[in-house]
Each structure stands twice: as C-alpha cells, then as structure tokens.
Amino acid sequence: MGFLSKVQLIERANHTRQFYLICPAPLAEALELEKGETIEWVVEDRNTLILKRPTKPSAKSTRSRDVR
C-alpha cells in the first residue's frame, strides 16, 4: 500500500525556497520514526528516493518513552 503526499514550497522574502515533504502518520508509525530523529534521503534516480536511517533507534528508548 502506498501513501500519497503533496510537495509544499515556501518562498521567502529573501528569495530562498524550502520544499517540504509530509510523511503521513501511518507510514511514520510503520517505520517507527521518532520526533527529532535524523533521516537521510538518497537520490537513486529522478523517480526514486531512498529513505535511510543512519542509526536505528534502540527498542529500549522506545519502551522507556511508552512507560511515561
């Protein structure tokens, strides 16, 4: 199953631009993404992006957060 997202563009007064890609919550949950986690986008070709996690969060940190 895929998840569709729209690319958002913010154009600032100083002529800089930022593109935003939204990750739907069900996808983030399936990947067990955490707030503030660093991820890396790798361009395979113009139609394919690969999402890489430089360091996978430990299960211990996830469990300790759920207890609170």
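No hydrogens, no waters, no symmetry mates; every other heavy atom, side chains included, goes into these values.
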task: Tell me, please, which residues at least two apart from K6 pass side chain to side chain contact (heavy atoms under 4.5 Å, CB included).
output: none
query: Can you name the residues that form a side chain to side chain contact (heavy atoms under 4.5 Å, CB included) with V43, not counting sequence neighbours?
result: L49
- prompt: So do P24 and S5 actually touch side chain to side chain, heavy atoms under 4.5 Å?
  reply: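 They are in side-chain contact.
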Looking only at heavy atoms, which two atoms of [X] and [Y] are closest? And how far apart?
{"X": "E37", "Y": "E32", "value": "OE1-O, 4.0 Å"}
{"X": "L31", "Y": "R53", "value": "O-NH2, 2.8 Å"}
{"X": "C23", "Y": "L33", "value": "SG-CD1, 4.1 Å"}

task: Please write out which residues are connected to I22 in a hydrophobic cluster, directly or through intermediates, given that two of Ile, Leu, Val, Met, Phe, Trp, Tyr count as joined at side-chain heavy-atom separations below 4.5 angstrom.
output: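 Its cluster mates, by chain and number: none.
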statement: The remaining residues in the hydrophobic cluster of Y20, counting side-chain heavy-atom contacts under 4.5 Å among Ile, Leu, Val, Met, Phe, Trp and Tyr, are I10
- request: Name all residues meeting the side-chain hydrogen bond (donor to acceptor under 3.5 Å, both in side chains) criterion together with R12; count only those two or more places apart in sequence or in a different chain, and write none if there are none.
  value: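 Result, side-chain hydrogen bond (donor to acceptor under 3.5 Å, both in side chains) vs R12: Q18.
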task: Name all residues meeting the side-chain hydrogen bond (donor to acceptor under 3.5 Å, both in side chains) criterion together with T48; count only those two or more places apart in sequence or in a different chain, and write none if there are none.
output: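 With neighbours one apart ignored, the set is D45.
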- prompt: Under a single-linkage definition using a 4.5 Å side-chain heavy-atom cutoff for Ile, Leu, Val, Met, Phe, Trp and Tyr, are L51 and V42 assigned to the same hydrophobic cluster?
  reply: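 Different hydrophobic clusters.
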- prompt: Under a single-linkage definition using a 4.5 Å side-chain heavy-atom cutoff for Ile, Leu, Val, Met, Phe, Trp and Tyr, are I50 and F3 assigned to the same hydrophobic cluster?
  reply: no
